[in-house]
Amino acid sequence: MKMSVPPSDHEQALAFDIQSIDQEFLDDPFPTYKLLREHDPVHLNPDGTYFLTRYEDVVKAFRDPAMSSDKRVDFKPKFGNGPLYLHHTTSLVFNDDPYHARVRKLMSEAFTPRKMDELDPVIEGIVERLLDRLKELKEFDVVHDYGLALPTEIIADMLGVPEQYRSKMHHYSTLILGALDPIVSPEKLKAGHEAVIEFGELLEELIAKRRETPHGAEMGEVLVSLIFGEVDGRKLSPVELVQNCIFLLNAGHETTASLVSNGIGTLLEFPDQLQRLRENPDLIKTAVEEFLRFQSPLQIGNRKATADVVFGPEDNRKTIPAGSFIHTCVGAANRDPEIFEDPETVNIGRKPNPQIAFGMGRHICMGNTLGRIEGHTAIGKFVKRFPNLRPNGKKRFHGRARFRGLALLPVTVS
Ligand code: HEM
């Protein structure tokens, strides 16, 4: 009788295909990242794209000037000429300079240290209100009742989105960012195209109002600088304006919501670390860095090589040829044992912690200070307010590959 031999780790790593990832990978991608990092760190997928998992390589891909973020060619087969194509190829994150630099400069006015200081008390106020409500509820879902609520309020305030539209933002964001996943069903693509149209119409309305009353902006200052600001004598076109606002709304709430929910979920999974944080609330800053490292809200980024670039460890160098599409696996880089001691363990006091959850280089996250402030306040105050925090059912991740966030985290606090 012929016995079938199970594939070795090396063979499994070589067989990885980004286009056929399964539920097991979506639930827990970290064992696969480890296999790839150890056995095939510059992995060539059957579709000709590359998957990088070492810290050094992912950092290089983010920093190397030969790496492009322009997705006009790569998004065509998936999105055709539809609204998702227009959206993703107009947002600053998927563009190179000079367009990227022009939009980034206009946006940066909303993220100065002074603006961040002004937001501090606003964030505290929202968090305290949310916590009062949760205390009354006693049993709730951390994701929907808490994690999503704070960043949605903040970014909607920054863009001046009225109350009645805010509940729709998460739905739009899930569809628009979800369309970036390696595998997307035709139904989801259709819904994604529709979300861009609906969201765009809503923003056009807001922009028209703001044009009429630029001085009544209050918190919606970022909208004002995007509408009226100029770089080298040029304003954003109406399409550039709308699509970058959509991007900002999505980028500003989805990832931060994941940081807050993933952080609280991680503390519940590692009760010794929860206890440690309760006893040392000053650890909140290093704790948030650790949550960003351990469950990075953006797991897989991407770049395109415009020249041949060499990656891989010294004894296994590989040249990625010009024109190749590269998946930069931040989630794997953030657990690379070459950089992080005991990377699969959570240590809320970890120092140094050079995690790269916000990316690196020209496209480094514009909201990294804001995301951190939200994380410190939301997680720190939550832990302090609820000394009897306990899980109240099974947690569940939302099951997308590029972004990692909980979809459900039921708890009781009484
Ligand atoms: C924990 C929260 C967050 C995480 C983990 C995160 C992660 C990232 C990452 C990895 C990138 C770089 C993508 C690339 O290089 O391809 C990025 C870009 C960006 N993020 Fe964030 N983000 C967070 C919060 C925010 C917030 C709160 C805002 C705004 C309110 C924001 C706005 C942006 C913008 C505008 C960019 C594009 C920058 C550019 O292309 O130059 N992000 N983010």
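The figures that follow rest on heavy atoms only: side chains count, while hydrogens, waters and symmetry mates do not. We count ligands from 1, going down the list as the structure has it; atoms in each ligand are counted the same way.
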Task: For atom 21 (Fe) of ligand 1, every protein N/O/S atom that sits closer than 2.8 Å, waters excluded - done: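 Per the 2.8 Å query on atom 21 (Fe) of ligand 1, atoms found are C365 SG.
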Flag for [Y]-[X]: side-chain donor and acceptor within less than 3.5 Å:
X	Y	value
E194	Y172	no
T49	N45	yes
T377	E124	no

Task: Sidechain N-carboxylate O distance under 4.0 Å for E118, R114 - done: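 The answer is yes: the pair qualifies as a salt bridge.
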Open item on the list: Less than 4.0 angstrom from a charged side-chain N to a carboxylate O is my criterion; do E289 and R350 meet it?
Closed with: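 No, no charged N to carboxylate O under 4.0 Å.
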Return the closest protein heavy atom for [atom] as residue, atom name and distance.
atom	result
atom 34 (C) of ligand 1	F247 CE2, 3.6 Å
atom 10 (C) of ligand 1	A357 O, 3.3 Å
atom 13 (C) of ligand 1	V93 CG2, 3.8 Å
atom 38 (C) of ligand 1	R104 NH1, 3.3 Å
atom 40 (O) of ligand 1	H363 ND1, 2.6 Å

Which of the numbered atoms in ligand 1 are below 4.0 angstrom from a heavy atom of [X]?
X	answer
I155	30 (C)
L370	30 (C)
F111	29 (C), 30 (C)
H100	39 (C), 40 (O), 41 (O)

Taking side chain as C-beta onward, heavy atoms only, is [X] less than 4.5 Å from [Y]?
X	Y	answer
K304	V73	yes
H39	L14	no
Q299	F30	yes

TODO: Classify the ring geometry between H327 and F51 as parallel (under 30°), tilted (30 to 60°) or perpendicular (over 60°).
DONE: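 Tilted: the ring planes of H327 and F51 meet at 30° to 60°.
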- [ ] I would like to know whether H144 and Y146 meet ring pair (Phe, Tyr, Trp, His ring centres under 6.0 Å); could you show each step before the answer?
- [x] CA-CA 6 Å; H144 288 91; Y146 192 58; over 10 Å; no
Task: ligand 1 to N302 polar contact by distance, N or O atoms, under 3.5 Å - done: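 Min N/O separation from ligand 1 is not below 3.5 Å for N302.
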Open item on the list: Evaluate R303 for polar contact with ligand 1, using N/O atom pairs at a separation under 3.5 Å.
Closed with: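 Right, the criterion is met.
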Open item on the list: Would K76 pass as a cation-pi partner of Y85, given that its NZ or CZ must be under 6.0 Å from the six-membered ring centre and within 45 degrees of the axis?
Closed with: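 Positive - K76 is close enough to the ring of Y85 and near enough to its axis.
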- [ ] Identify whether NZ of Lys or CZ of Arg in R54 sits under 6.0 Å from the centre of the six-membered ring of F311 and within 45° of that ring's axis.
- [x]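 Pair R54/F311 does not count as cation-pi.
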Open item on the list: With the threshold set at under 4.0 angstrom, would you say R362 reaches ligand 1 through any of its heavy atoms?
Closed with: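 For ligand 1, residue contact (heavy atoms, under 4.0 Å) with R362 is present.
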- [ ] Could you tell me whether ligand 1 has any atom less than 4.0 Å away from a heavy atom of P297?
- [x]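 Within the 4.0 Å threshold, so yes.
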